[in-house]
Student: 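Dumping the structure here so I can ask a few things about it.
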Amino acid sequence: MYKPLQCGCCDDYAAYLEKNGFEVEIKSMRSLAQTKRTAGVPQGYEGCHTLFVDNYVVDGLVPVNTINKLLNERPEITGITLPGMPWGAPGMDSRPKSAPLISYGFQKGSSDTFVYAKD
């Protein structure tokens with residue numbers, strides 16, 4: 001997990017992933033802009049941190065069931081992203097979600113996205 005230097009929600013998200021069977025290595029950075037660009041995360045769809053999971057990019061506070069869906073389906077995409085830091089997402093769950101969490105699929109080199117999952 002590449003995350004900002006001091007981000008409590010990212011730390012909570014890492015603990016959430018570990019509780020759900022993922023092994024997480026954390027790398028804190030001053031800026032994630034280059035990491036996100038290199039990973040192909042579309043501009044305007046960035047989350048607070050970036051993960052690399054089994055050859056996929058997972059950006060932001062994506063729920064574990066959506067990550068598992070990605071790993072089970074194995075679509076021919078670069079990755080998925082949950083933009084921003086929405087309330088109710090894992091790591092931001094001190095308030096209930098007010099709308100479904102929408103994760104978008106993307107392909108590196110394209111600004112096109114599509115709805116991959118709603119949680």
Side-chain angles (χ1 to χ4, degrees):
M1 171 188 281
Y2 295 87
K3 72 173 202 72
L5 289 175
Q6 295 178 355
C7 180
C9 77
C10 292
D11 295 330
D12 290 347
Y13 185 75
Y16 162 81
L17 289 176
E18 288 175 338
K19 273 198 224 175
N20 284 280
F22 289 89
E23 185 177 317
V24 181
E25 179 183 342
I26 296 174
K27 295 183 181 183
S28 297
M29 304 173 71
R30 290 190 194 284
S31 172
L32 297 180
Q34 183 61 42
T35 300
K36 290 180 183 296
R37 265 193 309 277
T38 301
V41 179
Q43 190 172 5
Y45 285 84
E46 301 94 340
C48 58
H49 57 261
T50 304
L51 307 167
F52 295 92
V53 181
D54 204 16
N55 295 319
Y56 286 104
V57 176
V58 177
D59 200 70
L61 301 165
V62 177
V64 75
N65 58 322
T66 300
I67 296 172
N68 286 331
K69 176 183 178 193
L70 176 72
L71 297 175
N72 288 328
E73 292 179 349
R74 300 223 169 262
E76 292 187 25
I77 60 175
T78 301
I80 55 176
T81 182
L82 178 65
M85 297 170 67
W87 287 115
M92 292 290 292
D93 46 8
S94 62
R95 286 189 187 168
K97 62 182 174 182
S98 59
L101 302 173
I102 301 174
S103 296
Y104 296 89
F106 64 90
Q107 192 67 40
K108 188 173 182 176
S110 173
S111 60
D112 294 338
T113 61
F114 63 93
V115 173
Y116 183 72
K118 292 182 182 182
D119 291 284

Student: For Gln34, does the CD atom sit with more than 12 other heavy atoms under 6.0 Å from it, leaving out its own atoms?
Tutor: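 Yes, enclosed.
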Student: When you measure from the side chain of Lys36 to the backbone N and O of Gly47, does any donor-acceptor pair fall under 3.5 Å?
Tutor: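 Side chain of Lys36 to backbone of Gly47, a donor-acceptor pair under 3.5 Å: yes, one is there.
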Student: I'd like to know if Met85 and Tyr16 are part of one continuous hydrophobic network [Ile/Leu/Val/Met/Phe/Trp/Tyr, side-chain heavy atoms within less than 4.5 Å].
Tutor: yes
Student: At what distance, to the nearest 0.5 angstrom, does CG of Leu5 lie from CE of Met29?
Tutor: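 Reported value, rounded in 0.5 Å steps: 9.0 Å.
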Student: Is the shortest heavy-atom distance from the side chain of Leu70 to the side chain of Asp54 under 4.5 Å?
Tutor: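 With C-beta onward as the side chain, the pair stays apart.
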Student: Does Lys108 use its side chain to pair, donor to acceptor, with the backbone of Thr38 at less than 3.5 Å?
Tutor: yes
Student: Mind checking the CG-CG spacing from Leu71 to Asn55? Nearest 0.5 Å is all I need.
Tutor: 10.0 Å
Student: So does Tyr45 get a backbone contact from the side chain of Thr81, meaning a donor-acceptor N/O pair under 3.5 Å?
Tutor: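 Yes: the side chain of Thr81 pairs with the backbone of Tyr45.
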Student: Nearest 0.5 Å, please: how far is CD in Gln107 from CD1 in Ile77?
Tutor: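 Taking CD1 in Ile77 and CD in Gln107, the distance rounds to 7.5 Å.
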Student: Take Arg74 and Tyr56 through the side chain to side chain contact (heavy atoms under 4.5 Å, CB included) test and state the conclusion after the steps.
Tutor: CA-CA 9 Å; Arg74 300 223 169 262; Tyr56 286 104; 3.5 Å; yes
Student: Taking ring-ring contact (aromatic ring centres under 6.0 Å, His included) as the test, write out the residues that go with Tyr2, two or more places apart.
Tutor: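 If we apply the ring-ring contact (aromatic ring centres under 6.0 Å, His included) test to Tyr2, skipping adjacent residues, the hits are Phe52.
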Student: Under the rule for ring-ring contact (aromatic ring centres under 6.0 Å, His included), what residues qualify as partners of Phe106, not counting sequence neighbours?
Tutor: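 With neighbours one apart ignored, the set is empty.
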Student: Assess whether side chain to side chain contact (heavy atoms under 4.5 Å, CB included) is satisfied between Leu51 and Leu17, documenting all intermediate values.
Tutor: CA-CA 11 Å; Leu51 307 167; Leu17 289 176; 3.7 Å; yes
Student: Do the side chains of Val57 and Val64 join up, straight or via other hydrophobic residues, at under 4.5 Å, putting them in one cluster?
Tutor: no
Student: OG1 of Thr66 to OH of Tyr116: how many Å apart, nearest 0.5 Å?
Tutor: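 Rounded to the nearest 0.5 Å, the OG1-OH separation comes out at 8.0 Å.
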Student: What is the minimum heavy-atom distance between Ser111 and Pro42, and which atoms define it?
Tutor: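 Looks like O-CB, 4.4 Å.
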Student: If only atom types and distance count, is the side chain of Lys97 paired as donor or acceptor with the main-chain N or O of Asp119 below 3.5 Å?
Tutor: yes
Student: Show, in sequence, the C-alpha distance, side-chain angles and deciding distance for Met1 and Cys10, and conclude whether the side chain to side chain contact (heavy atoms under 4.5 Å, CB included) test is met.
Tutor: CA-CA 9 Å; Met1 171 188 281; Cys10 292; 4.2 Å; yes
Student: Looking only at non-hydrogen atoms, find the nearest pair between Lys69 and Ala117 and report the distance.
Tutor: NZ-CB, 4.3 Å
Student: Set out, in order, the CA-CA distance, both residues' side-chain angles and the distance that settles side chain to side chain contact (heavy atoms under 4.5 Å, CB included) for Glu46 and Asp59, then state yes or no.
Tutor: CA-CA 7 Å; Glu46 301 94 340; Asp59 200 70; 4.1 Å; yes
Student: How close do Ser103 and Val62 get, heavy atom to heavy atom, and via which atoms?
Tutor: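 The pair with the smallest heavy-atom distance is OG-CG1, 3.9 Å.
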Student: Give a yes or no on this: more than 12 heavy atoms of other residues, nucleotides or ligands lie within 6.0 Å of atom CD of Glu73.
Tutor: yes
Student: Between Pro63 and Pro90, what is the shortest heavy-atom contact and its length?
Tutor: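 Shortest heavy-atom separation between Pro63 and Pro90 comes out as CA-CG, 3.9 Å.
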Student: Quick one: do Leu61 and Val58 end up in the same hydrophobic cluster if we chain Ile, Leu, Val, Met, Phe, Trp and Tyr together by side-chain heavy atoms under 4.5 Å apart?
Tutor: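 Yes: a chain of side-chain contacts under 4.5 Å links Leu61 to Val58.
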Student: Between Gly88 and Leu101, what is the shortest heavy-atom contact and its length?
Tutor: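 Distance-wise, the nearest heavy atoms are O-CD1, 4.0 Å.
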Student: When you group the ILVMFWY residues by side-chain heavy-atom contacts below 4.5 Å and let the links chain together, are Phe22 and Ile26 in the same group?
Tutor: yes
Student: Show the nearest heavy-atom pair for residues Leu82 and Ala89, with the distance to one decimal.
Tutor: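 The answer is CD2-CB, 4.0 Å.
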Student: Phe114 and Ile67: same hydrophobic cluster, using ILVMFWY side-chain contacts below 4.5 Å?
Tutor: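 In one cluster: yes.
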Student: How long is the straight-line distance from CD of Glu18 back to CG of Asn20, given to the nearest 0.5 Å?
Tutor: 10.5 Å
Student: Do Pro83 and Tyr104 come close enough that some side-chain heavy atom pair is under 4.5 Å?
Tutor: yes
